[in-house]
Amino acid sequence: MYYDQEISSVFEELRTSEKGLSPEDAEKRLEEYGKNELKEKEKVSVFRLFLSQFKSILIFILIIASVVSAALGEAIDAVVILFTVFLAGVLGFVQEYRAEKAIELLKSLTSPEAVVIRGGSEKEIPSTELVPGDVILLQTGDRIPADARIIKEFNLKVDESSLTGESVPVQKTTDALPADTAEADRKNMVYAGTAVAYGRGKAVITATGMKTSFGELAGLLGTIERSRTPLQESLDKFGRWIGAATLVIVAFVAVLGIFLGFPPLDMFLWGVALAVAAIPEALPAVVTVGLGLGVRRMVKRHALVRKLPSVETLGATNVICSDKTGTLTQNKMTVEGMYVNGKILRVTGQGYNPEGKFLKGDLEKSGSEVSADDEHLRVLLLGAALCNDSNLYKEEDVWKITGDPTEAALVVAATKAGFEKSELDRKYPRLAEIPFSSESKRMTTFNKLEDGLDSFLDSELVAFSKGAPEVILGSCTKIFLNGEVKALTPEQKQEISEIVKELADQALRVMAFSFRPLEEGFSPDKVSSGEIPAEKVEEDMVFSGLVGMRDPPREEVKAAIKTCEDAGIKTVMITGDHKITAAAIARELGILKENDLTLTGSELDSLEDKEFEDRVEKVSVYARVYPAHKLRVVEALKKKGYVVAMTGDGVNDAPALKAADMGIAMGITGTDVSKEASSMILTDDNFASIVSAVEEGRNIFKNIKNFITYGLSAHIGEVLIVLIAILGWQILPLLAVQILWINLITDGLPPMALSVEPPDRGLMRQKPRNVEQGLITRREIAAGFGLGGLIAAQALTVLAWALDSGFSTSKLQTLIFTLIVFSEMFNAFNWRSDRYSVFSLGLFTNKALVYAVLTTIILQLMVIYVPFLQFAFRTVPLSLYEWGIILALASTTLISMEIVKHISAGKER
Ligand code: ATP
């Protein structure tokens, strides 16, 4: 089965070729074989989701209550209770359905893509559309999307630990293997679910979806973690605690009521209603909606949250460690300076447009033009173009690139001198390569120069290297100077290092270039297979020059960093780039301040853990680091008690992303492996999007806290008034159905509306939340009792007035019932913010709340004025005077909170 066949026969059997399938053929096969995905576990149907709302114990108790009422002849009560049960079910359903939709949306957005060759050209398509016979390209960090037979490889190593448990990556080959090779040893195959650890390759798909050998494809990326968030957990606990406390109180009062002579059925129904009112059963669902809606808003702001709990972490983040290239900067590189043959050249031109000149002289001043024929310039640019995987092309009159922008900038520079990369590639084909890695910080290719290029390059085979200056210089023993290859003296090395510093000081990214003619008989294949180690070739090289390129900071980043500073969040730059370049850009962006430290990877290596921890808070730039250093940074910061967000894109960044409180992967340039390890993906790779996400995270937390406090005050108010009235006056101030109704409308719409309250102006000016501190602190409990007490006091005032005026019980109850509903509506406005006056926020800026309150008011009016509802809820119409009193009393809920906000704002000032 494929592994024991030659490549040509694999192609034949799969009816395909190296050029891939034609788009039509692929479409047909997709129909035949189905999508490349695992059959999803059964989805919860809408109906089941609806039914599941009725599984809660509370609903069960209510149903019993309704049956008991019916049995005792209280048909109206029975119907009303059933009706509220139904409405509560609908509400719960709508909330959960919305949360579910938000999660589904995320899932579709994070599904992986694959690069496939169809009809002879490369394309990126969703992995689910791959079919047997498709030719795919694989590169470091890719998750392998289906089972495939390798047809080409450059040092391709695959991490198969997800299948075999073996952590050492497996070197792959293209050779046919004996028929009796065990599955795990089939080194010419790659399997769905594993990941490319190193190198690159091309493979033809042999099986997709459920047919893959290990069937474990599972589209890891597409899975969104549903684990309950710490917030939900603590709310559950909080809910249970309140529930238990209420049950005790309610049972006590109900028994007491019976002793005092109230009818047992009334007391029973009343007890049930009060218990339902006091237990915040809707809370978890509303919180999920709050999280879900927040997550949707984040998507709009280019942040995709993969794990719901991380929304909470986001809000508490107090350090953001960010990559430089592409996240803080635009990753739109332009070569601006060069150093060849002992001279600095300035390169003119803009962006990817390959028109420009090479001028001699200082970068700042103008100089005389250097001809593109200059031997030294040509050698450097030849290496830059050949040791390069990117491409430049024109589409609708716009110059575009494929591949790494650092490399593309080199292609642009080479084209400016008249070197066409595609032509060079054809003339001087690449026979082997040692790919770039963040660890080695260099790349080498082996090119055939058969027709001889220049006198000094008369060898048939030449190795070209490019990479970080100190790495390249470290491997050079010679230099190409004044038309000759000479020994490289320590003085020259020193001089070159000075030039590197000079270029880096101007915030340029500096790269060095070298070459080495290889002796006859040298076999590039042995390098590819690893038989000749990379160090053996990347030595004794000839230095050919330096290139400095500019990567401008992203425009919005400076402001985002300022926002972080105001919000008490420290920004740290972590980069593979040179210390001086990194520091120059960090200073420009406001990351590196006067007393801050800059640390390089090797300096970090020389520090003991303890020493590093003592210093870590001062460091704002890490330069020339390896991915492994990121892990150390995360660990040290976490030890110091920070909540750390860390960005990453490469395969080797995965451990640091996992270790960070918030691992953030890059949506555009990130590898599949890094995305899987992350808790959030930036769809635009932009630092500013992290800051927006933090703001959303804080906002979600604030909103949840606010509507919980709102609910808490409402429940405390209800329980208090009933308790006091019964104990003090032996009067039932509210009927069971009325309590149920209040509960339904206060728990229903307003909290949903509060969960969409936009961020307020102070959100990013406060210090990050302390993670140790729970959601409900003493402040919230005080607010709950304060406002709850106030609402109870309003109701008692009405009670006293009604008793004094000798109103009927129905009137008394209608008055209290209506008062509480209106008081809750005023209260809902209070909780749009716990610190800002509603009037300063703009009374109508939360439209959802305005509609929620209007709907509730209309419903309440119906309950009082529509005859059959009057009958069901035992209400009577109210006079204008009575309305006046109720509204005046209810409005004190808003007025007193406004006063409290005003006083505490004064204290803060
Ligand atoms: P960041 O970590 O912020 O993304 P970076 O892109 O500079 O920064 P790396 O990609 O690890 O980090 O690159 C480290 C160094 O390796 C660069 O400063 C450069 O000198 C060199 N380098 C980058 N890309 C290549 C490449 N394609 N070929 C050879 N050398 C490269």
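One-based numbering, in listed order, for ligands and for the atoms of each.
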Just to be sure I'm reading this right: ignoring hydrogens, which of [options] gets closest to [atom]? Compare them by their nearest heavy atoms.
| atom | options | answer |
| --- | --- | --- |
| atom 23 (C) of ligand 1 | Lys441, Met666, Arg509 | Arg509 |
| atom 24 (N) of ligand 1 | Tyr622, Tyr626, Phe436 | Phe436 |
| atom 15 (C) of ligand 1 | Ala512, Ala384, Gly576 | Gly576 |

Counting both backbone and side chain atoms, is some N or O of [X] under 3.5 Å from an N or O of ligand 1?
| X | value |
| --- | --- |
| Pro469 | no |
| Thr575 | yes |
| Arg442 | no |
| Thr325 | yes |

Where does [X] meet ligand 1, judged by heavy-atom distances below 4.0 Å: at the side chain, the backbone, both, or neither?
| X | result |
| --- | --- |
| Lys466 | both |
| Asp649 | neither |
| Met573 | neither |

- Task: Report the nearest protein non-hydrogen atom to atom 20 (O) of ligand 1: residue, atom name, distance rounded to 0.1 Å.
- Result: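 It is Ala468 CA, 3.3 Å.
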
- Item | atom 19 (C) of ligand 1 [closest protein heavy-atom partner, distance rounded to 0.1 Å] |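 Nearest protein contact, heavy atoms only, for atom 19 (C) of ligand 1 is Met511 CG, 3.9 Å.
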
Decide, yes or no, whether a salt bridge links [X] with [Y] under the criterion of side-chain N to carboxylate O below 4.0 Å.
| X | Y | answer |
| --- | --- | --- |
| Asp609 | Arg632 | yes |
| Arg430 | Asp389 | yes |
| Lys630 | Asp653 | yes |
| Glu355 | Lys416 | no |
| Lys593 | Glu565 | yes |
| Asp551 | Arg509 | no |
| Glu603 | Lys579 | yes |

Can you sort out which atoms of ligand 1 are near [X], meaning under 4.0 Å from one of its heavy atoms?
| X | answer |
| --- | --- |
| Gly467 | 20 (O), 29 (C), 30 (N) |
| Lys324 | 3 (O) |
| Glu407 | 26 (C), 27 (N), 28 (N) |
| Ser438 | 11 (O) |

- Query: Does some non-hydrogen atom of Ile574 fall short of 4.0 Å from ligand 1?
  - Reply: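 It does, in that a heavy atom of Ile574 comes within the 4.0 Å cut-off of ligand 1.
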
- Query: Heavy-atom contact under 4.0 Å between Arg624 and ligand 1?
  - Reply: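 Within the 4.0 Å threshold, so yes.
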
- Query: Just checking, any donor-acceptor pair under 3.5 angstrom between side chains of Asp685 and His302?
  - Reply: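 No - no donor-acceptor pair under 3.5 Å links their side chains.
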
- Task: Verify, without hydrogens or angle tests, whether Ser310 (side chain) and Thr313 (backbone) share a donor-acceptor contact under 3.5 angstrom.
- Result: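 No; zero donor-acceptor contacts below 3.5 Å.
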
- Message: So Ser497 and Leu473, do their side chains get closer than 4.5 Å, heavy atoms only?
- Response: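 The answer is yes, as the side chains (C-beta and beyond) meet within the 4.5 Å cut-off.
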
- Please test Thr444 against Ser465 for side chain to side chain donor-acceptor pair (under 3.5 Å), starting from the C-alpha separation and ending with a verdict. CA-CA 4 Å; Thr444 304; Ser465 270; 2.6 Å; yes

